[in-house]
Amino acid sequence: MQISYNWLKQFIKLDITPDETSEILTDLGLEVEGITHYESLKGGLKGVVVGHVLSCTKHPNADKLNVTKVDLGTGEPVQIVCGAPNVAEGQKVPVATIGTELFDAEGNAFQIKKGKIRGEESFGMICSEVELGIGTDGSGILVLDNKWEPGTPAATIFNVVTDEVFEIGLTPNRSDAMSHWGVARDLRAGLLQNSKEEIQHKELITPSVSKFKVERRTLKIDVSVNDYKKAPRYCGVTISGVEVKQSPEWLQNRLKAIGIAPKNNIVDVTNYVLHDLGQPLHAFDTAKIKGGKVIVKTVEAGTKFTTLDGVERTLHQDDLMICDENGPMCLAGIFGGLRSAVSENTTTIFLESAYFNPVTIRKAAKRHGLNTDSSFRFERGIDPSITEYALKHAALLIQQVAGGEITSDIVDLYPKKIEDSSVFLNFNNINRLLGEEIPKDTIKKILVSLDIKVHSMSDVGIGITVPAYRADVTREIDIIEEVLRVYGFNNITYSSKLNATIAANSRTEDHKVQNIIANQLVAQGFHEIMNNSLTTPDYSDLSENINSSFQVDILNPLSHDLCVMRQSLLFGGLESISYNINRKRGDLKFFEFGKTYHKMLNSYEEYKRLAVFATGNITKASWNSTQKPIDFFEFKAYINAIVARLGLTKTTTQPVESDIFSEGISYYLGKDLIVEFGILKKGILKEFDIKQEVFYAEFNWDNTIKMLSAKIKFTDINKYPSVKRDYALLINENVTFGEIFNIVKQVDKNIIKDVTLFDVYQGDKIEDGKKSYAISILMEDSSKTLTDSQVEKIMGKIQYQLENNVGAQLR
């Protein structure tokens, strides 16, 4: 949001610089992200002065050029070669001196330099309107009034306006500061706190509407509101005899300074009042209001409506419209209609000022993809108490810049007043939360400076009434925040002593565990990502594990792509991978801590997950090493390192159950799933236009933390040694690890304790349709030491079962 320094000074007397103003606003929570210098004429005519032409003679070497002597007020005349046909002795002219920067029609700068034209020296340039940027006549030089003294800066003659414009990063809760009046209110409070002046010395200077009066009651427009929930307050008045033309320079400069292009005097006034007081307005050509009646209502779904930009839009049944007897004229609070727009031929207008329901406007604006200055304010909630005041202010301005007279009484439909809210502030609470005691009189002074009314005060606390325009201040904690931001965060003292409590369960605090694992992954070359919790429902078609009936739908979605809450971290991560691959970054290792969201029968649930992604090469080619792509063995090592760092050493391996993996395994502790990981199916990767292999792991973080928090159980270490054997198997590519796992376990459940897949290979060294599995088999007997013959016998059975059941071959 852009705020003009000069404009602020209309509301409050400022004796501080723009930089000082910026610091105060930022401390108040209205963060100034930058300050831009504005000039009504580009370059500000710096270096352009009044010159007096002392002599003018023909150029000896050019028929169309003249050699002039010009007095610039420096005491020493200068010679300037000029090609204008109308230059003459005795004229007062604008002269761009050496070093001056002027701008052409495209805004490109060119500098005036000392030169020699056809053998004659020239020390400047006598300028036309076009060269100065103040007009369109370039046929000759601009001749000034003879009253100006040589050396007078041209900027003073042409009233060049300069300003400093603050770019404020307005947070969504600060709807009260969406205007120059609102910012001035905050600035006053900050100045009072900083300077400790009495409040009457910093009163706001608000526009007077005392001159508003109805000259004649000759043009009445009837107004009816069909839904006061959507339009709690609606005001209007007619103005006749207006002349639609270009706005005066002061009004154009006000708008240009904050980045708004002037259109005509009527529209410019509505834009001015919007940024002045924060009240959106709209002007209708009364000649185009059929039946002489304005109806505020919704229309049938599918109704066509053409907005001011010439786009035909299909209306929704909940869109609030300003209509006449022929149908919609304006999308209420958002965008005007082409049919009822003010044009050069307009002579009478109906001026609207209203308070519309913020939710109604927000939903309609999102449905139609419109984001206007008007909707921006209505969505966040404007001040319902200034609706009529702003209308009178705008009507007087229109009379000032477009003429005309007020020809109707103000229509003000406001059946149920929006009341101010009452809050009680306990002094003990504010002191407890801030950590120090703020004087009671200071608290009262701050609240009064914010236009918050104090109606009772005691030793315990203070009873206050908050204006309706402060929609974000409804609770005691909100009042405390208001006091703190004006008192100044920097004014709160803090102890140099640091106290800490040693907790017995610090090992299992979620954020600490997260930091431990995050640091480990970062050390291994991973980057943390944070994806949107909103996603598209289309992803539910990619996996049977994601049930569309469990989706948490958004009531007011921004788009189809962001209309449900995610049930998995997978797809957001694949979007990030695809984004990077498309920008030639294919060697990627990501991780994300996040939540998934699920709709159950009578409730909503969320679960925490850790997702780990890896794709591309693990090492890059160099003079002493070859490029090596990441494989299943390497990815498993990353996951094992996480499990080991967490101290979950008693995990058991199970085949992966999720259908997103073409190959994968799971780790369990008892019946609780800790992590499942593997190679993602090509069909899923294809949806994201990913052509390279991607490894993925998803930790059930809730189970992980639960296991860390569980009571530690001890079992005796088996005094008999375990035996480990590895097999490299050549199998058909459709055989899964689950099948291998079950076959091996069935050979001897008492002896075979674990079966782990530690490598998968498919490539040019293996025939088509085949793949290589590397599995590890752990055997152990709790009653005796296994002999070589027992082990070989078990291994022989395993080999036999694998060969006969899945056609496996030993490599």
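Quick caveat: nothing in here was measured; it's all calculated off a predicted structure.
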Salt-bridge present (Asp451, Arg188; N to O < 4.0 Å):
yes
Can you say whether the rings of Phe284 and His282 are parallel (under 30°), tilted (30 to 60°) or perpendicular (over 60°)?
perpendicular
Hey, are the side chains of Leu396 and Gln399 touching, using non-hydrogen atoms and a 4.5 Å cut-off?
yes
Would you check if Val423 and Thr474 make a side-chain contact, meaning some heavy-atom pair closer than 4.5 Å?
no
Kindly indicate, with the supporting measurements, whether the criterion side chain to side chain donor-acceptor pair (under 3.5 Å) is fulfilled by Thr171 and Asn173.
CA-CA 6 Å; Thr171 53; Asn173 64 309; 2.7 Å; yes
Can you see whether Phe489 has Arg485 sitting over its ring - NZ or CZ less than 6.0 Å from the centre and within 45° of the normal?
no
List the steps and the verdict of salt bridge (charged side-chain N to carboxylate O under 4.0 Å, His left out) for Asp227 and Lys297.
CA-CA 6 Å; Asp227 190 342; Lys297 64 176 184 177; over 6 Å; no
Exactly one of Val269, Thr372, Asp373 clears side-chain contact (heavy atoms from CB on, under 4.5 Å) with Leu274, and that residue is Asp373
Side-chain contact test, heavy atoms from C-beta onward, threshold under 4.5 Å: evaluate it for Ile239 versus Thr407 and give yes or no.
no
Aromatic contact between Phe166 and Trp7, with the criterion being ring centroids under 6.0 Å apart: yes or no?
no
Should Thr36 and Glu167 count as side-chain neighbours, where that means a heavy-atom distance under 4.5 Å?
no
Would you indicate whether Lys46, at its atom NZ, is surrounded by more than 12 heavy atoms from other residues, nucleotides or ligands within a distance under 6.0 Å?
yes
Looking at Glu249, I'd like to know if its CD atom is crowded, meaning that more than 12 non-hydrogen atoms belonging to other residues, nucleotides or ligands lie closer than 6.0 Å.
no
Could you check whether Thr387 and Ser353, counting side-chain N and O atoms only, form a donor-acceptor pair closer than 3.5 Å?
no
Is it true that atom CG of Asp441 has more than 12 heavy atoms of other residues, nucleotides or ligands lying nearer than 6.0 Å?
no
Asp19 and Thr17: side-chain donor and acceptor closer than 3.5 Å?
no
Atom of Ala341, atom of Asp285 and distance for their closest heavy-atom approach
O-CB, 3.8 Å
Any ion pair linking Arg174 and Asp176 (charged N to carboxylate O, less than 4.0 Å)?
yes
Paired with Ser247, the side-chain contact (heavy atoms from CB on, under 4.5 Å) test is passed by just one of Arg254, Lys263, Gln252, namely Gln252
Ignoring hydrogens and angles, tell me if any N or O in the side chain of Ser458 forms a donor-acceptor pair with the backbone of Val460 under 3.5 Å.
yes
Just by distance, do the side chain of Glu39 and the backbone of Gly43 share a donor-acceptor pair under 3.5 Å?
yes
Check: Glu476 side chain, Asn426 main-chain N or O, donor-acceptor pair, under 3.5 Å:
yes
Check for a donor-acceptor pair, side chain of Asn265 on one end and backbone N or O of Val401 on the other, with a separation under 3.5 Å.
yes
Is Arg185 close enough and on-axis enough to Trp181, meaning under 6.0 Å and within 45°, for cation-pi?
yes
Count the heavy atoms of every other residue, nucleotide or ligand shown that sit under 6.0 Å from CD of Glu215, and state whether that count exceeds 12.
yes
Short side-chain to backbone donor-acceptor contact, Ser375 and Asn371, under 3.5 Å
no
Glu528 CD: over 12 foreign heavy atoms closer than 6.0 Å:
yes
Just by distance, do the side chain of Asp276 and the backbone of Tyr272 share a donor-acceptor pair under 3.5 Å?
no
Quick one: does any side-chain atom of Arg377 pair with a main-chain N or O of Pro280 as donor and acceptor, under 3.5 Å?
no
As a quick check of understanding, evaluate salt bridge (charged side-chain N to carboxylate O under 4.0 Å, His left out) for Lys512 and Asp510, giving each step before the final call.
CA-CA 5 Å; Lys512 293 184 177 180; Asp510 190 356; over 6 Å; no
Report yes or no: does Tyr389 contribute a side-chain atom to a donor-acceptor pair with the main-chain N or O of Pro207 at less than 3.5 Å?
yes
With a 4.5 Å cut-off on side-chain heavy atoms, are Val223 and Tyr234 touching?
yes
With distance as the sole test, does Ser40 use its side chain to make a donor-acceptor pair with the main-chain N or O of Asn253 at under 3.5 Å?
no
Got a donor-acceptor contact below 3.5 angstrom from the Ser374 side chain to the Gly333 backbone?
yes
Would you indicate whether Phe424, at its atom CZ, is surrounded by more than 12 heavy atoms from other residues, nucleotides or ligands within a distance under 6.0 Å?
yes
Considering residues, nucleotides and ligands other than Lys444, do more than 12 of their heavy atoms fall under 6.0 Å from its NZ?
no
